[in-house]
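Notes for the one structure printed next.
What you are looking at is a predicted structure, and each value in this text was computed from that prediction instead of being measured. FYI, the numbering just counts along the sequence from 1.
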Amino acid sequence: MKKLGLGLLILVLLIVGAGVLFQEQIGKRLFASAVDAAVARDVIGDLPDGMHVALCGSGSPLPDPTRAGPCSAVIIDGKMFIVDVGGGAVRNLGLMGLNPGATEALLLTHFHSDHIDGMGELLLQRWAGGGRTSPLPVIAPEGVTAIVDGLNAAYAADIQYRIAHHGEATMSPTGAGGVAEPFVAPEGQAQIIVYDQAGIKITAFPVHHEPISPAVGYRFDYKGRSVVFSGDTVKMATVEKACNGCDLLVHEVLNAEMVGTLEAAFDKVGRKRLVKIMSDIPDYHTTPVEAAEAAKAAKAKMLVFSHIVPALPLAYLEDYYMQGVSDAFDGPVVLGKDGMLFSLPANKNSIEQDDLL
């Protein structure tokens with residue numbers, strides 16, 4: 001037994017020694033293999049006919065090591081529509097195998113910084129990675145033109161650098177940046193169609209996020225399947241009306257009790273400015289229980305929480321965050337996380353869930 005143990009020890013030492021000795025060569029092969037796999041990955045091309053919703057960012061302005069800023073991707077027939085684009089979300093797209101070059105349009109629910117601060121990166125990556133010859137349409141309520149024009153101006157020098165470096169055949173001068181497509185935000189219970197092509201219909205509806213105005217949510221329809229994004233809002237009948245039996249309701253949420261704990265902690269250490277902010281934010285968001293009540297009233301098939309406030313760095317906190325939700329809505333509820341993919345096959349009733357991260 002001693003000889004056997006000694007033999008195994010020597011073998012382990014030899015393997016470790018070989019690993020150290022040939023570390024450079026092993027690293028080279030591992031890198032090449034990883035690159036081949038990443039380059040060959042085509043999530044969008046492999047998706048079946050239907051509507052697919054990916055969470056490229058399920059977080060909020062509060063720092064969360066597990067969540068990027070608000071961002072959802074809707075993929076239909078090889079086209080990708082992005083709803084809001086927070087910080088870190090575009091890099092998540094790359095990690096998820098979703099090529100930003102496939103982006104057909106960006107839709108903004110409102111102009112809070114955490115919903116638009118990934119726009120510059122999306123514009124660049126779509127142009128550079130997609131070989132686009134026309135700018136990205138940015139569909140949003142009135143006021144979006146100033147934002148798009150500002151970003152185009154901010155990136156003007158960078159655009160010229162890249163054209164000069166790679167050449168116009170690779171970086172088409174006409175494909176850079178974005179183009180605003182503003183619409184008049186509907187009021188009351190009204191709705192407005194903002195996109196209707198190739199069987200894909202996108203409808204905007206008003207939500208309440210005062211003092212931020214305008215603010216809207218969106219409904220996507222394609223081949224008998226439907227997805228609704230609430231945008232940032234208090235609990236609203238307009239969200240329920242827009243859903244009206246929708247397959248998937250992606251709703252923002254804020255746990256007021258947990259935010260209250262943050263407020264008390266800031267108060268203890270005398271950080272009065274943050275105390276004021278924590279006391280203000282619950283009045284223009286929806287609690288998890290309220291969102292569940294809305295899903296029940298709307299007869300949603302599945303409820304997905306996104307724009308998670310506050311941050312949940314530990315999975316152990318999730319039950320506390322979700323307290324009372326199952327009593328308010330007896331359908332499936334998912335606490336959104338970056339990388340989640342929900343697939344709604346065309347003309348069917350099923351909803352399939354996967355993870356791209």
Side-chain angles (χ1 to χ4, degrees), residues 44 51-54 56-57 69-86 89-90 92-94 98-156 158-159 162-163 171-186 191-206 214-222 227-229 231 242 250:
I44 294 176
M51 185 151 46
H52 309 270
V53 177
C56 33
C71 175
S72 299
V74 181
I75 305 151
I76 305 171
D77 194 24
K79 301 179 179 70
M80 185 162 66
F81 300 83
I82 303 295
V83 180
D84 292 330
V85 58
V90 176
N92 264 352
L93 289 174
L98 301 175
N99 180 9
T103 307
E104 182 79 1
L106 168 64
L107 296 100
L108 300 176
T109 60
H110 64 292
F111 308 135
H112 248 152
S113 59
D114 61 308
H115 290 252
I116 66 173
D117 55 14
M119 278 181 65
E121 191 170 8
L122 178 62
L123 297 177
L124 173 62
Q125 294 295 338
R126 177 186 184 267
W127 174 48
R132 296 287 186 157
T133 58
S134 58
L136 174 66
V138 182
I139 302 170
E142 290 180 318
V144 68
T145 302
I147 294 170
V148 174
D149 288 350
L151 279 169
N152 287 340
Y155 279 76
D158 179 78
I159 290 167
R162 296 180 189 279
I163 294 172
M171 307 293 286
S172 170
T174 61
V179 57
E181 295 189 3
F183 60 85
V184 177
Q191 300 179 356
I192 181 174
I193 296 173
V194 297
Y195 184 98
D196 193 357
Q197 297 180 34
I200 305 168
K201 184 172 74 171
I202 307 174
T203 306
F205 55 90
V216 300
Y218 294 103
R219 173 176 169 129
F220 285 71
D221 285 279
Y222 177 73
V227 176
V228 168
F229 298 93
V250 182

Can you say whether the rings of His115 and His112 are parallel (under 30°), tilted (30 to 60°) or perpendicular (over 60°)?
parallel
Where the side chain of [X] meets the backbone of [Y], is there a donor-acceptor pair that is under 3.5 Å apart?
{"X": "Arg219", "Y": "Phe205", "result": "no"}
{"X": "Thr133", "Y": "Thr174", "result": "no"}
{"X": "Trp127", "Y": "Ser172", "result": "yes"}

Taking the six-membered ring for Trp, are Phe220 and Phe229 ring centroids under 6.0 Å apart?
yes
Tell me whether the centres of the aromatic rings in Tyr218 and Phe81 are closer together than 6.0 Å.
no
Can you measure from [atom1] ([X]) to [atom2] ([Y]) and round to the nearest 0.5 angstrom?
{"X": "Leu151", "Y": "Leu123", "atom1": "CG", "atom2": "CG", "value": "6.0 Å"}
{"X": "Leu98", "Y": "His52", "atom1": "CG", "atom2": "NE2", "value": "11.0 Å"}
{"X": "Leu136", "Y": "Leu124", "atom1": "CG", "atom2": "CG", "value": "12.0 Å"}
{"X": "Gln125", "Y": "Thr103", "atom1": "CD", "atom2": "OG1", "value": "10.0 Å"}
{"X": "Ile82", "Y": "Leu122", "atom1": "CD1", "atom2": "CG", "value": "6.0 Å"}
{"X": "Asp221", "Y": "Met51", "atom1": "CG", "atom2": "CE", "value": "6.5 Å"}

Report yes if some heavy atom in the side chain of [X] is under 4.5 Å from a heavy atom in the side chain of [Y]; otherwise report no.
{"X": "Val138", "Y": "Met119", "answer": "yes"}
{"X": "Ile147", "Y": "Phe111", "answer": "yes"}
{"X": "Asp77", "Y": "Tyr222", "answer": "yes"}

Give me the atom names and distance for the closest heavy-atom approach of [X] to [Y].
{"X": "Cys56", "Y": "Asn92", "answer": "O-ND2, 2.9 Å"}
{"X": "Pro214", "Y": "Ala185", "answer": "CB-CB, 3.7 Å"}
{"X": "Ala176", "Y": "Pro135", "answer": "O-CB, 3.4 Å"}
{"X": "Pro186", "Y": "Ala204", "answer": "CG-O, 3.8 Å"}
{"X": "Asp84", "Y": "Leu108", "answer": "OD1-CA, 3.4 Å"}
{"X": "Ile44", "Y": "Ala102", "answer": "CD1-CB, 3.7 Å"}

Once side-chain contact (heavy atoms from CB on, under 4.5 Å) is applied, do any residues pair with Glu181, and if so which ones, sequence neighbours excluded?
Pro137, Ile139
My understanding is that only residues two or more places apart in sequence, or in another chain, count here; which of them pass side-chain contact (heavy atoms from CB on, under 4.5 Å) with Ala180?
Val144, Thr145, Val148, Pro182
Could you give me the CA-CA distance, side-chain angles and deciding distance for Leu106 and Arg126, then say whether side-chain contact (heavy atoms from CB on, under 4.5 Å) is met?
CA-CA 11 Å; Leu106 168 64; Arg126 177 186 184 267; over 6 Å; no
I would like to know whether Val216 and Ile192 meet side-chain contact (heavy atoms from CB on, under 4.5 Å); could you show each step before the answer?
CA-CA 10 Å; Val216 300; Ile192 181 174; over 6 Å; no
